[in-house]
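Inspection log for the structure reproduced underneath, given as structure tokens.
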2 protein chains.
Amino acid sequence: MLKHKHDHNVCIETALEAAQKICEKRETRFTPLRRRVLELVWTKHEPITAYEVLDLLSEGQKRVAPPTVYRALDFLIEEGFVHRIESLNAFVGCSDPEHKHQGHFMICTKCSNVTEMNEASLHSVIERAAKENGYTYENSILEIAGVCANCRN
Amino acid sequence: MLKHKHDHNVCIETALEAAQKICEKRETRFTPLRRRVLELVWTKHEPITAYEVLDLLSEGQKRVAPPTVYRALDFLIEEGFVHRIESLNAFVGCSDPEHKHQGHFMICTKCSNVTEMNEASLHSVIERAAKENGYTYENSILEIAGVCANCRN
DNA sequence: GCCCTGATTGTTATTGAATATCAAGTCATC
DNA sequence: GATGACTTGATATTCAATAACAATCAGGGC
Ligand SMILES: [Zn+2]
Ligand SMILES: [Zn+2]
Ligand SMILES: [Zn+2]
Ligand SMILES: [Zn+2]
């Protein structure tokens, strides 16, 4: 959460190991490419665009093509390791990949830091609103823009 | 709301007249181009993409360029006559343009019909969630996907 | 081992979404 | 009718995502 105050390498390692284990359990293939893309998404807590991932992935080798990145991202999203931030056309690692869910986010307009909210109360309010409007709920995106605590002072 | 059960020309006319009056009051310029783009956005209740607007706008005349459409849309969004649906890269007319707000939507995954929710309760829950996470609220997008009442049977 | 099959990755090309930049036109005001 | 702000036109480019097909890889049955 407070990105300025932790060893981010631990975050990355944790995420990679969790993904590894989940894929073993689900019998899906956590290939070197997919692993590398997930690592790159985690290089910062801030959202990263597909083309930034592409640039990083291409360093020191022949430039990869967009489908390579998008396919890996699709897999990671499908498995719940990564979320897409619609309002930014960008991607961010999920810190709770065990339980599949789609993310609800706060986005700081100053520092681009992103906080994922896992509050059940929010979820239930949203599902109830859907029901009241006659809709059968499938999923939802919630992206709140504001200024985070760090940036306010 | 129930798009199959009303004279949509009335919707369009109402929206255009409302926009006209609001612009007079605010002393902003509701030019023919902007009026025409708003009319095209309202040609269906479903969200419409910028390039669909572009195609319609270009019919029977020299093809207009993307900036023409995007500038008009920017104006209409700024004035609150149109909302952007982030998850669809598309635009939809607002049926309550008097009071500026950003929209919260339900989107039917079968028929693409869109319902704007104006529920104060939702809004307050979202603002409270922001506060609890230490953020100063600026704005938010909420887009719920599901199946509408019409499509369920 | 070898073949078959399905999944993954590579490659080329294209579509779709949005913006940067500068030129030309419009319109009110002095 | 000259000035300056706003609006529209026009050209080019960037960024985002997908289509289509070829090549490669992994595992199972023979
Ligand atoms: Zn970290
Ligand atoms: Zn911040
Ligand atoms: Zn609205
Ligand atoms: Zn429907």
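All figures in this text were calculated on a predicted structure; none of them were measured in a lab. Every chain is numbered from 1, with letters handed out A, B, ... down the list of sequences.
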Report the relative orientation of the aromatic rings in A:His8 and A:His45; use parallel for angles under 30°, tilted for 30 to 60°, perpendicular for over 60°.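 Answer is tilted, since the angle falls between 30° and 60°.
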
Any ion pair linking B:Glu24 and B:Lys21 (charged N to carboxylate O, less than 4.0 Å)?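 Looking at B:Glu24 together with B:Lys21, the answer is no, because their closest N to O distance does not fall below 4.0 Å.
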
Would you call B:Lys25-B:Glu27 a salt bridge at under 4.0 Å N-O?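 Looking at B:Glu27 together with B:Lys25, the answer is no, because their closest N to O distance does not fall below 4.0 Å.
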
What's the [atom1]-[atom2] distance between [X] and [N], to the nearest Å?
{"X": "B:Ile85", "N": "C:dA17", "atom1": "CD1", "atom2": "P", "value": "14 Å"}
{"X": "B:Asp55", "N": "C:dA17", "atom1": "CG", "atom2": "C1'", "value": "13 Å"}
{"X": "A:Leu54", "N": "D:dT18", "atom1": "CG", "atom2": "P", "value": "14 Å"}
{"X": "B:Asn89", "N": "D:dA17", "atom1": "CG", "atom2": "P", "value": "8 Å"}
{"X": "B:Arg63", "N": "D:dT11", "atom1": "CZ", "atom2": "P", "value": "14 Å"}
{"X": "A:Arg36", "N": "C:dT9", "atom1": "CZ", "atom2": "P", "value": "15 Å"}
{"X": "A:Glu86", "N": "C:dA17", "atom1": "CD", "atom2": "C1'", "value": "14 Å"}
{"X": "B:Tyr51", "N": "C:dT15", "atom1": "OH", "atom2": "C1'", "value": "10 Å"}

Validation: residues 123-132 of chain B side-chain donor-acceptor distances under 3.5 Å, sequence neighbours left out:
unit_1	atom_1	unit_2	atom_2	d
B:His123	ND1	B:Glu127	OE2	3.1
B:Ser124	OG	B:Ser121	O	2.9
B:Arg128	NH1	B:Glu132	OE2	3.4

With distance as the sole test, does [X] use its side chain to make a donor-acceptor pair with the main-chain N or O of [Y] at under 3.5 Å?
{"X": "B:Arg36", "Y": "B:Leu57", "value": "no"}
{"X": "B:Glu143", "Y": "B:Glu86", "value": "yes"}
{"X": "A:Arg152", "Y": "B:Gly134", "value": "yes"}

Between the protein and nucleotides 28-30 of chain C, list the N/O to N/O atom pairs that are separated by less than 3.5 angstrom.
none

For D:dG9 and B:Lys62 - does any side-chain N or O of the residue sit under 4.0 Å from the phosphate oxygens OP1/OP2?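 For D:dG9, neither OP1 nor OP2 has a side-chain N or O of B:Lys62 closer than 4.0 Å.
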
Between B:Thr68 and D:dT8, is there a side-chain N or O to OP1/OP2 distance below 4.0 Å?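 So the side chain of B:Thr68 is outside the cut-off, no N or O lying under 4.0 Å from OP1 or OP2 of D:dT8.
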
Short of 4.0 Å, heavy atom to strand atom, which residues of residues 16-35 of chain A count as contacting DNA chain C?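 Listed by number, they are A:Arg29, A:Thr31, A:Leu33, A:Arg34.
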
When you measure from every atom of DNA chain C, which of residues 70-81 of chain A have a heavy atom less than 4.0 Å away?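 Going residue by residue through residues 70-81 of chain A, the ones with a heavy atom under 4.0 Å of DNA chain C turn out to be A:Arg71.
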
With sequence neighbours excluded, what pairs up with B:Glu79 under the side-chain contact (heavy atoms from CB on, under 4.5 Å) test?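 Partners of B:Glu79 under the side-chain contact (heavy atoms from CB on, under 4.5 Å) test: B:Arg26, B:Thr28, B:Phe75, B:Phe81.
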
Assess the side chains of A:Gln20 and A:Arg35: does a donor N or O sit below 3.5 Å from an acceptor N or O?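 Per modelled atom types, A:Gln20 and A:Arg35 side chains form a pair under 3.5 Å.
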
Name all residues meeting the ring-ring contact (aromatic ring centres under 6.0 Å, His included) criterion together with A:Phe105; count only those two or more places apart in sequence or in a different chain, and write none if there are none.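 Only A:His83 meet the ring-ring contact (aromatic ring centres under 6.0 Å, His included) criterion with A:Phe105.
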
Rounded distance (nearest 0.5 Å) linking atom CD of A:Glu116 with atom CD1 of A:Ile85: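 Between A:Glu116 CD and A:Ile85 CD1, I get 8.0 Å after rounding to 0.5 Å.
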
